Amino acid sequence: MIRLNNIGKSFEGRPGPAVDSVSLHVEPGEFVLLTGASGAGKTTLMRILFGEEIATEGTGVVNGRNLDCMESDALAALRREMGLVFQDSRLIDRLSVRENVALAAEVGGVHCAEARRRADDLLCMMGMQDYGDMLPLHLASGERQRVALARALVNDPVLLLADEPTGSLDPDTTAEILELLQEVNRRGTTVLMATHDMDALEQLSCRMLVMAGGRLVEDSPDPSRLQ
């Protein structure tokens with residue numbers, strides 16, 4: 001699913017690389033946590049994975065697609081195979097909850113009626129079936145993240161990248177979002193979640209990657225796979 005070999009990323013004016021010689025493999029169906037202090041390189045690495053940044057060294061493959069030589073059409077195709085969730089839900093406030101979710105499918109080429117059906121199914125899965133006609137600005141932060149997660153899943157992605165999805169949430173809401181992410185994983189989607197949220201780290205029992213100073217310094221296996 002993900003194969004990175006000595007991936008690095010440097011920015012002009014920054015002392016030292018933001019990501020430094022990171023190599024890792026993530027297999028299909030895994031749930032993996034990527035953690036480390038702020039500035040450790042987690043977000044930059046995630047941005048490389050979904051093509052928002054281009055690595056300055058090393059090679060990377062995501063779902064069989066080479067990140068090093070990807071034209072715009074290939075990048076768009078890769079992103080349709082991924083779901084993306086961020087700390088900021090990035091919803092469009094002038095669109096209803098249902099329209100926010102359906103739009104992601106329509107952009108991917110799905111007919112509007114089918115996109116709305118998918119949106120309603122996913123909102124039901126997220127416990128948001130009664131909120132479809134509401135505008136996002138009337139939602140609580142946890143509700144916005146549920147909608148963002150529904151939107152990320154509307155194209156049935158093989159890989160979900162979640163960058164600090166619980167960073168602004170209270171502990172109870174964090175637990176609810178984590179359970180939804182685990183349910184998504186149980187249904188077959190590979191999940192890579194970047195976080196330094198201690199509530200999340202304490203509640204999830206899965207493989208954990210630790211970054212520091214741009215480098216991958218620890219790779220702890222999923223405890224359940226050691227039994």
Side-chain angles (χ1 to χ4, degrees), residues 1 28-32 46 49-52 62-63 73 75-195 197 200 203-204 206:
M1 181 59 65
E30 280 197 272
F31 192 124
V32 181
M46 297 285 273
L49 290 173
F50 61 80
E52 199 165 285
V62 177
N63 199 32
D73 288 348
L75 178 58
L78 175 62
R79 287 178 173 170
R80 286 195 295 270
E81 297 164 2
M82 294 183 188
L84 306 175
V85 182
F86 306 91
Q87 180 173 346
D88 175 1
S89 59
R90 304 191 184 186
L91 301 178
I92 301 172
D93 283 335
R94 62 182 174 79
L95 299 181
S96 71
V97 163
R98 180 182 294 105
E99 289 168 338
N100 265 276
V101 179
L103 179 62
E106 291 173 26
V107 169
V110 176
H111 187 273
C112 59
E114 171 62 14
R116 288 174 63 88
R117 185 196 65 77
R118 291 188 190 184
D120 285 339
D121 286 348
L122 283 164
L123 289 172
C124 186
M125 176 184 172
M126 300 297 151
M128 296 290 291
Q129 61 269 25
D130 296 329
Y131 295 75
D133 295 325
M134 291 182 64
L135 295 176
L137 57 87
H138 298 307
L139 301 180
S141 56
E143 292 168 341
R144 290 175 67 93
Q145 280 299 69
R146 287 172 180 264
V147 177
L149 183 53
R151 180 184 59 190
L153 298 174
V154 75
N155 289 315
D156 195 22
V158 295
L159 172 64
L160 179 67
L161 300 178
D163 189 10
E164 300 287 357
T166 63
S168 61
L169 305 180
D170 61 76
D172 288 343
T173 308
T174 290
E176 294 170 358
I177 295 298
L178 293 179
E179 176 54 37
L180 287 170
L181 289 170
Q182 289 175 300
E183 177 59 25
V184 168
N185 178 244
R186 286 191 289 267
R187 294 182 179 213
T189 301
T190 305
V191 178
L192 177 61
M193 172 179 165
T195 185
D197 182 348
Q203 291 176 52
L204 292 171
C206 59

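Every heavy atom of this structure was used, including side-chain atoms; hydrogens, water molecules and symmetry mates were not. The structure presented is a predicted model; accordingly, all values stated were derived computationally and were not measured.
- Across Ser89 and Arg144, no two heavy atoms sit closer than the pair OG-NE, 3.2 Å.
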For salt bridge (Lys or Arg N to Asp or Glu O under 4.0 Å), just list the numbers for Arg146 and Glu143, CA-CA rounded to whole Å, side-chain angles, deciding distance to a tenth of an Å, and then say yes or no. CA-CA 5 Å; Arg146 287 172 180 264; Glu143 292 168 341; over 6 Å; no
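- Contact record, Met126 with Ala150: CG-CB, 4.0 Å, taken as the closest heavy-atom pair.
- Residue Arg94 qualifies as open at atom CZ: its count of foreign heavy atoms under 6.0 Å is 12 or below.
- Judged purely by atom type and a 3.5 angstrom limit, Thr195 has no side-chain atom pairing as donor or acceptor with the backbone of Glu164.
- Leu135 CG to Glu99 CD: the interatomic distance, rounded to the nearest 0.5 Å, is 8.5 Å.
- Listed here is the closest heavy atom pair of Leu122 and Val154: CD1-CA, 3.3 Å.
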Take Leu204 and Met193, measure what side-chain contact (heavy atoms from CB on, under 4.5 Å) needs, and give me the verdict at the end. CA-CA 11 Å; Leu204 292 171; Met193 172 179 165; 4.3 Å; yes
Identify all side-chain donor-acceptor contacts of residues 75-88 below 3.5 Å with residues at least two apart in sequence or on another chain.
from  : atom 1 : to    : atom 2 : distance (Å)
Arg79 : NE     : Phe50 : O      : 2.9
Arg79 : NH2    : Phe50 : O      : 3.1
Arg79 : NH2    : Gly51 : O      : 3.3
Glu81 : OE1    : Asn63 : ND2    : 2.8
Glu81 : OE1    : Arg65 : NE     : 3.2
Glu81 : OE2    : Arg65 : NE     : 3.2
Glu81 : OE2    : Arg65 : NH2    : 2.7
Asp88 : OD1    : Arg90 : N      : 3.1

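- Judged by distance alone, with hydrogens and angles left aside, the side-chain atoms of Thr189 form no donor-acceptor pair with the main-chain N or O of Asn185 at under 3.5 Å.
- Nearest approach of Ala105 to Asn155, heavy atoms of both residues: CA-OD1, 3.4 Å.
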Arg116 and Asp120: salt bridge (Lys or Arg N to Asp or Glu O under 4.0 Å), yes or no, with the steps? CA-CA 6 Å; Arg116 288 174 63 88; Asp120 285 339; 5.7 Å; no
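- Between the CZ atom of Arg151 and the CZ atom of Arg118 there is a distance of 16.0 Å, given to the nearest 0.5 Å.
- The shortest heavy-atom contact between Pro136 and Asp93 is CB-OD1, 3.4 Å.
- Across all their heavy atoms, Ala115 and Ala102 have their closest contact at CB-O, 3.6 Å.
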